[in-house]
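In this text, all values refer to a predicted model and were calculated from it rather than measured experimentally.
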Amino acid sequence: MKIALVHDGIITRGGAERVLLNFQKSFPNAPIFTTVYHKESTYKEYANSEIITSWYQRIAKSEFLFKVLFFPFGILAAKSLDLSDYDVILCSTTTCGKYIKVNKEALVINYCYTPFRLAWNPSSYKIYNNFFYKLLLKPIIFFLRKIDYKYAQRANFYVAMTEETAKRIEDSYNPSQKIKIIMPSIDTSNFSYSSMTSEYFLVVSRLEKYKKVDLVIEVFNEINKPLVIIGKGTEEKYLKKIANNNIKFYKDLNQKQLKKFYSEAKAFIFPQHEDYGLTVLESYASGRPAICFNAGGAKFTGIPLTSKNIGKATMHTFNNQNKNSLKDAILKFNDKSFDSNFIIEHSKNFDDKFFINKINKFVNKKYKEHLNARQ
């Protein structure tokens, strides 16, 4: 079995890039094909990987350029990647990874985080709510949807993170085979419990608009409790400007520093509607409960606190993404309702070793079936 791994673009330290690292652990001899690889912007573990990039590497020198020039250059770059010599293609994708050239006889498995948002859910972009930009984007979205659907049909199988994202894949691509669910994971050994907890609440996030960090800041400005925010992004200057002195910002921390912040936090705060959310699992691996918006991936990885499961829960939830709902959840939060040992044991269900084993078994099983069907 000659297998290749594919990823849209390796340009950040995100959850998708961590999934790809686990693909590599599952198939260590497989090369990685991608449109762009920014060594300094992603995980250092890729430094020793065999990574084949497209000509887009010479143009898209930053994440900003990667996104701005994506239509049409990123699309054309992905289509120029030729994997015709490979028997199996395991693709980690949201956008253009699925556009690569493949042999008609190859087995193609798409691990899809969510369908291409600009094509299938353009209203999720703030810019789309502007009448002028909406008018400008309509023909582009029409083209993107057409090409995205066309190349999505080449996959023999789809793998999704959760039932929610699987439903989106079904609605957008209408795959012929049942979608397999394999949830992303973390290395739980990178985190540990501390009996010395502090009074600060913790946010670990990219500082982007959709992450709703501004909502957390609004609440903590009002309640004046200590808050630590770890991360960087395009909203960094704005968020620091609106934050009061009870809120501290950190970025570019090493694993030891991050581990300490997780383990000593009163609770982790997760305000966004995320497709999955690995940072919540990192909090659980540190024995710390979370306060989560009751939607998206958090619903599939956590156990909400009720009056009947005190000590057997991992998170306190809030139902509306507004100041009053989050504020109420924080003020009602009681860490004595949670058992750190239970939370740590729960996190072990999402350890890397299980993900690596599941994806390896799934690919090998489907390849054997694929060969038998061709005989």
Checklist entry - If Ile, Leu, Val, Met, Phe, Trp and Tyr residues are connected whenever their side-chain heavy atoms lie under 4.5 Å apart, and connections chain through other members, are V6 and L107 in the same group? => result no

Between [X] and [Y], do the side chains contain an N or O donor and an N or O acceptor separated by less than 3.5 Å?
X    : Y    : result
T35  : Q57  : no
D171 : W120 : no
S41  : E63  : no
R168 : T114 : yes
H7   : T34  : no
T95  : D8   : yes
T317 : N294 : no
T53  : Y37  : no
T93  : N110 : no
Y262 : S192 : no

When you measure from the side chain of [X] to the backbone of [Y], do you find a donor-acceptor pair of N or O atoms at a distance under 3.5 Å?
X    : Y    : value
Y284 : A290 : no
R288 : E264 : no
R145 : A119 : yes
S325 : Q321 : no
N360 : S26  : yes

Identify the heavy atoms of [X] and [Y] that sit nearest to each other, and give their distance.
X    : Y    : value
F350 : S185 : O-CB, 3.0 Å
I330 : I269 : CD1-CD1, 4.0 Å
F191 : S286 : CB-OG, 3.6 Å
T188 : S347 : CG2-O, 3.7 Å
L207 : I229 : CD2-CG2, 3.9 Å

[X], [atom1]: over 12 other non-hydrogen atoms inside 6.0 angstrom:
X    : atom1 : value
K332 : NZ    : no
K180 : NZ    : no
K25  : NZ    : yes
N48  : CG    : no
F249 : CZ    : yes

Next on the checklist: Set out, in order, the CA-CA distance, both residues' side-chain angles and the distance that settles side chain to side chain donor-acceptor pair (under 3.5 Å) for D335 and T197, then state yes or no.
Outcome noted: CA-CA 10 Å; D335 55 0; T197 56; 5.1 Å; no

On the 0 to 90° scale, with breaks at 30° and 60°, tag the [X]-[Y] ring pair as parallel, tilted or perpendicular.
X    : Y    : value
F342 : H346 : parallel
F318 : F293 : tilted
F338 : F333 : parallel

Next on the checklist: Between I11 and T42, does the side-chain contact (heavy atoms from CB on, under 4.5 Å) criterion hold? Intermediate values first, please.
Outcome noted: CA-CA 6 Å; I11 56 175; T42 191; over 6 Å; no

Checklist entry - Distance under 6.0 Å and angle within 45° of the ring axis: does K225 meet both against F220? => result no

Checklist entry - Would K2 count as a cation-pi partner of Y86, with NZ or CZ less than 6.0 Å from the six-membered ring centre and within 45° of the ring normal? => result yes

Checklist entry - Passes salt bridge (charged side-chain N to carboxylate O under 4.0 Å, His left out), R117 versus D275? Steps please. => result CA-CA 12 Å; R117 288 186 188 277; D275 293 331; 2.5 Å; yes

Item to check | Single hit among F71, Y173, F70, Y151 for ring-ring contact (aromatic ring centres under 6.0 Å, His included) with F116 | outcome: F70

Checklist entry - Looking at K312 and D339, does any basic side-chain N land under 4.0 Å from a carboxylate oxygen? => result no

Item to check | R18/E282 salt bridge by N-O under 4.0 Å criterion | outcome: yes

